[in-house]
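Heavy-atom basis, side chains included; hydrogens, waters and symmetry copies ignored. Order of the sequence lines fixes the chain letters, A, B, ..., with proteins taken first and strands second; residue numbering starts at 1 for each chain. Everything numeric in this text was worked out from a predicted model, so none of it was measured.
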Number of protein chains: 2
Amino acid sequence: MTPHPPTVFIVDDDLSVLKGLTRLLRSAKLNPVTFASPQEFLDRHDPTQPGCLVLDVAMPGLDGLQLQQALITRGCEIPIIFLTGHGDIPMSVRAMKRGAIDFLTKPVRDEDLLKAIRAALVADQSRRQAQAELAGIRHRLATLTTREREVLEHVLAGQLNKQIAEDLGIVEKTIKVHRGRMMEKMGVTSVAELVHLCELAGVKAISIR
Amino acid sequence: MTPHPPTVFIVDDDLSVLKGLTRLLRSAKLNPVTFASPQEFLDRHDPTQPGCLVLDVAMPGLDGLQLQQALITRGCEIPIIFLTGHGDIPMSVRAMKRGAIDFLTKPVRDEDLLKAIRAALVADQSRRQAQAELAGIRHRLATLTTREREVLEHVLAGQLNKQIAEDLGIVEKTIKVHRGRMMEKMGVTSVAELVHLCELAGVKAISIR
DNA sequence: CGCAAGGTTGGACTAAAGTCCAATTTTCGG
DNA sequence: CCGAAAATTGGACTTTAGTCCAACCTTGCG
């Protein structure tokens, strides 16, 4: 049923904390995987694996915030819950500004942590869904030839075939051919659908002078 | 030039703080307006006035977080910078989750506060711009008759006039009339533009069975 | 060199959309 | 009940878009 049961990645340099959290999560039917250092997580994490990350802030080597930054840099948007014993407000604010989903302080009530984790898993789920759709659209976009892509951008701008032809310096007939092939490749049958997909993918129309 | 110079609203129950901040902001060519209590701000604030809000957390009566919540409830999205002497992490996290743009602790370095304020004013500016565009679109949408609105939603779904006609149980000719008037009222000349506007305004297509 | 892919164009239509002018029919509030 | 707004339909076209089949360049690569 679930080829990839959502995982709760836990990074903490305190082994007793890892053990305690593992026990707690297991008893809550969650699937914890532990790492003793941020570097280890960074090296071994597979971004395709659904889940969330529970992260201590204060750790030797890379600290939690640096790990967050490293993940952002490499385009990994796994939801992060910070968990710290010696944090301060500026630290929590920085983490939240960079997109952390929560920032909890130790000692944490089990229910609070579990609630945050469940919320993070839900967020990850919908993020992944959107991601997958986006990947599909991008893939289709990548199959377009240069000309087809140009025509697409003019269509998004709402131009008539006639106008596009003039802009590109070719006859209208050719536009129709490119346009037809483009629609076919994008898997849509109407301009409305096409625009919808392109808005999702962030494809912008050419600006009409 | 600027009929509404952006204002920095400051709410704090400590008059000496208000005075100090006012002096600081004035010297930075900003335009501060002070309030001694959250209630006073809530009663007197005009949401059309551009600016941002600097807010102490701990105050008698409504506290800062409650004021934030009250503003959210009444749909006012002015950027809020919290400024507090006795805050804690959960408080800052709650504030950030609800959309605060920053959460600073006293004593605050002047530059830090000014930097946060400038960022908030910029955010307010672009928020207002988007807001204004949205209001225009909503206004045009409101001028549509029931039928025109129905036709719009079918057009967004990419349906042909023929199909729309069948769905609505009327002849295609009539669809053309409604469609033409709808496009006219929305101020667009192509389906691409129409879809673009509607995505901005959150107008969804009818779901095709 | 020769082939494949991309780009271009023609011809000949079919279908879909939009337009102008007119004319009923409903609907709804005052 | 009456009038205005909304909804509906016809007729007669003009424009646009899309389709099928075919053909002709150009370019890059094995």
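- Taking Phe35(A) as the reference, Phe41(A) meet the ring pair (Phe, Tyr, Trp, His ring centres under 6.0 Å) condition, with sequence neighbours excluded.
- Only Arg179(B), listed by number, bring a heavy atom of residues 177-189 of chain B to less than 4.0 angstrom from any atom of DNA chain C.
- For the atom pair OG1 (Thr7(A)) and CG (Leu121(A)), the distance works out to 9.0 Å, reported to the nearest 0.5 Å.
- Nucleotides of DNA chain C that come within less than 4.0 Å of any heavy atom of chain A span, from the 5' end to the 3' end, dG6(C) to dG11(C).
- Under the 3.5 Å distance criterion, with hydrogens and angles disregarded, no donor-acceptor pair is assigned to the side chains of Asp167(B) and Gln163(B).
- Take Arg44(B) and apply the salt bridge (charged side-chain N to carboxylate O under 4.0 Å, His left out) test, not counting sequence neighbours, and it matches Glu40(B).
- Relative to the axis of its first five pairs, the axis of the last five pairs of the helix from dC1(C)-dG30(D) to dG30(C)-dC1(D) sits at 50°, rounded to 10 degrees.
- The side chain of Thr145(B) places an N or O atom within less than 4.0 Å of a non-bridging phosphate oxygen (OP1 or OP2) of dA7(D).
- Applying the salt bridge (charged side-chain N to carboxylate O under 4.0 Å, His left out) test to Arg181(A) and every residue at least two apart in sequence or in another chain returns Glu148(A).
- Taking the charged nitrogens against the carboxylate oxygens, Lys162(B) and Glu166(B) have no contact shorter than 4.0 Å, which rules out a salt bridge.
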Can you name the atoms? Protein N/O to nucleotides 23-26 of chain D N/O, anything below 3.5 Å, with the distance.
none

Taking N or O atoms only and anything under 3.5 Å, show me the protein contacts with nucleotides 27-30 of chain D, one pair per line.
none

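- Of the inter-residue distances, the one linking Leu156(B) atom CG with Leu197(B) atom CG reads 10.0 Å to the nearest 0.5 angstrom.
- When the salt bridge (charged side-chain N to carboxylate O under 4.0 Å, His left out) test is applied to Asp124(A), the partners found at least two apart in sequence or on another chain are Arg127(A), Arg128(A).
- The stretch residues 160-176 of chain B touches DNA chain D through Ile170(B), Val171(B), Lys173(B), Thr174(B), each having a heavy atom under 4.0 angstrom from the strand.
- When the salt bridge (charged side-chain N to carboxylate O under 4.0 Å, His left out) test is applied to Arg179(B), no partner is found at least two apart in sequence or on another chain.
- Here the CG atom belonging to Asp102(A) is positioned 9.0 Å from the CG atom belonging to Asp112(A), to the nearest 0.5 angstrom.
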Practice prompt. Assess whether side-chain contact (heavy atoms from CB on, under 4.5 Å) is satisfied between Val195(B) and Leu194(A), documenting all intermediate values.
Written response: CA-CA 10 Å; Val195(B) 176; Leu194(A) 181 71; over 6 Å; no
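- The CE atom of Met96(A) sits 13.0 Å away from atom CD1 of Ile89(A), with the distance rounded to the nearest 0.5 Å.
- Among residue pairs with one or both ends in residues 189-204 of chain B, those qualifying as side chain to side chain donor-acceptor pair (under 3.5 Å) are His196(A)-Glu199(B), Glu199(A)-His196(B), Thr189(B)-Glu193(B), Ser190(B)-Glu193(B); sequence neighbours excluded.
- Under the 3.5 Å distance criterion, the side-chain polar atoms of Glu133(A) are left unmatched by any main-chain donor or acceptor of Ala130(A).
- Put simply, NZ on Lys19(B) and OG1 on Thr22(B) are 9.5 Å apart, with the number rounded to the nearest 0.5 Å.
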